**Q** 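Have a look at the structure that comes next, please.
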Amino acid sequence: MTESDTATASQLRAQVVDSMTTLLTRMLRPAAPVTERTQLMDELGLSSSLALELLLEIEDELEIQIDVEDLDEDRMTTVSDLADYITAHCTPR
């Protein structure tokens with residue numbers, strides 16, 4: 001991975017985190033602010049149907065396609081975990 005690729009991936013990850021925190025706040029209206037350390041299932045009670053809705057919203061907002069083939073609950077523990085997965089498993093539309 002070149003320095004340019006690393007910078008692009010880092011920028012995309014920051015966009016993913018920003019989109020996720022905004023969307024999760026709007027969708028779930030949690031009592032505490034959503035951060036990268038927020039646990040999706042345990043703290044927010046994110047269900048599989050809401051997770052799918054979240055992924056679709058992120059795809060639309062960032063104009064990317066997320067490969068969900070290998071996505072499972074273990075990769076969705078925190079906002080940070082899911083952002084890492086999305087960044088590594090997406091392609092531009």
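The structure displayed is predicted, hence computed values, not measured ones. Throughout, numbering of the chain's residues begins at 1 and tracks the sequence.
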**Q** Any chance you could lay out the side-chain contact (heavy atoms from CB on, under 4.5 Å) test for Ser80 and Thr35, step after step, and finish with the verdict?
**A** CA-CA 8 Å; Ser80 180; Thr35 68; over 6 Å; no
**Q** How far apart are the closest heavy atoms of Pro33 and Thr38, and which atoms are they?
**A**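 Smallest interatomic distance, heavy atoms only, reads O-OG1, 3.9 Å.
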**Q** Walk me through it: do Thr8 and Leu12 pass the test side-chain contact (heavy atoms from CB on, under 4.5 Å)?
**A** CA-CA 6 Å; Thr8 301; Leu12 175 60; 5.6 Å; no
**Q** Do any pairs count as a side chain to side chain donor-acceptor pair (under 3.5 Å) and have a residue in residues 17-33, sequence neighbours left out, and if so which ones?
**A** Ser19-Glu61
**Q** Is there a donor-acceptor pair under 3.5 Å between the side chain of Arg93 and the backbone N or O of Glu59?
**A**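 Looks like yes, one N/O pair under 3.5 Å.
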**Q** Can you get from Leu23 to Val68 by hopping between Ile, Leu, Val, Met, Phe, Trp and Tyr side chains that sit under 4.5 Å apart?
**A**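 Same cluster: Leu23 reaches Val68 through Ile, Leu, Val, Met, Phe, Trp or Tyr contacts under 4.5 Å.
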**Q** May I ask you to decide whether Arg37 forms a salt bridge with Glu43, counting only side-chain N to carboxylate O separations under 4.0 Å?
**A** no
**Q** Main chain of Asp81, side chain of Asp84: is a donor-acceptor contact present, judged purely on distance under 3.5 Å?
**A** no
**Q** In this structure, would Leu56 and Leu28 fall into the same cluster of hydrophobic residues linked by side-chain contacts under 4.5 Å?
**A**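 Not linked; separate clusters.
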**Q** Give, for atom CE of Met20 and atom CD of Glu57, the distance between the pair rounded to the nearest 0.5 Å.
**A** 13.0 Å
**Q** Just verifying a value: how many Å separate Leu71 CG and Met76 CE, rounded to the nearest 0.5 Å?
**A**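 Those atoms lie 5.5 Å apart.
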**Q** Could you report the tightest heavy-atom contact between Glu69 and Tyr85, atom names first, then the distance?
**A** N-OH, 4.2 Å
**Q** Might you point out which heavy atoms bring Leu46 and Met41 nearest each other, and give the distance in Å?
**A**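 Heavy-atom minimum between the residues: O-SD, 2.9 Å.
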**Q** Looking at residues at least two apart in the chain, or sitting in another chain, which of them share a salt bridge (Lys or Arg N to Asp or Glu O under 4.0 Å) with Asp67?
**A**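 Asp67 satisfies salt bridge (Lys or Arg N to Asp or Glu O under 4.0 Å) with no residue once adjacent residues are dropped.
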**Q** Would you say Thr87 and Ser10 make side-chain contact, with heavy atoms under 4.5 Å?
**A**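 Not touching, per the 4.5 Å side-chain cut-off.
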**Q** Please give me the minimum heavy-atom distance between Val17 and Glu36, naming the atom from each residue.
**A**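 What the structure gives for the nearest pair is CG1-CG, 3.7 Å.
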**Q** With respect to Leu24, which candidate in Leu82, Leu40, Leu50 satisfies the side-chain contact (heavy atoms from CB on, under 4.5 Å) definition?
**A**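 Exactly one option meets the side-chain contact (heavy atoms from CB on, under 4.5 Å) with Leu24, and it is Leu40.
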**Q** Apply the test side-chain hydrogen bond (donor to acceptor under 3.5 Å, both in side chains) to residues Ser47 and Ser49: give CA-CA distance (whole Å), side-chain angles for both, the deciding distance (0.1 Å), then the verdict.
**A** CA-CA 5 Å; Ser47 66; Ser49 60; 3.2 Å; yes
**Q** Please test Thr91 against Ile66 for side-chain contact (heavy atoms from CB on, under 4.5 Å), starting from the C-alpha separation and ending with a verdict.
**A** CA-CA 7 Å; Thr91 54; Ile66 303 167; over 6 Å; no
**Q** Between Asp72 (side chain only) and Arg75 (backbone N and O only), is there a donor and an acceptor less than 3.5 Å apart?
**A** yes
**Q** Same cluster or not: Leu52 versus Ile64, using hydrophobic residues (I, L, V, M, F, W, Y) connected whenever any side-chain heavy atoms lie under 4.5 Å apart?
**A**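 Different clusters.
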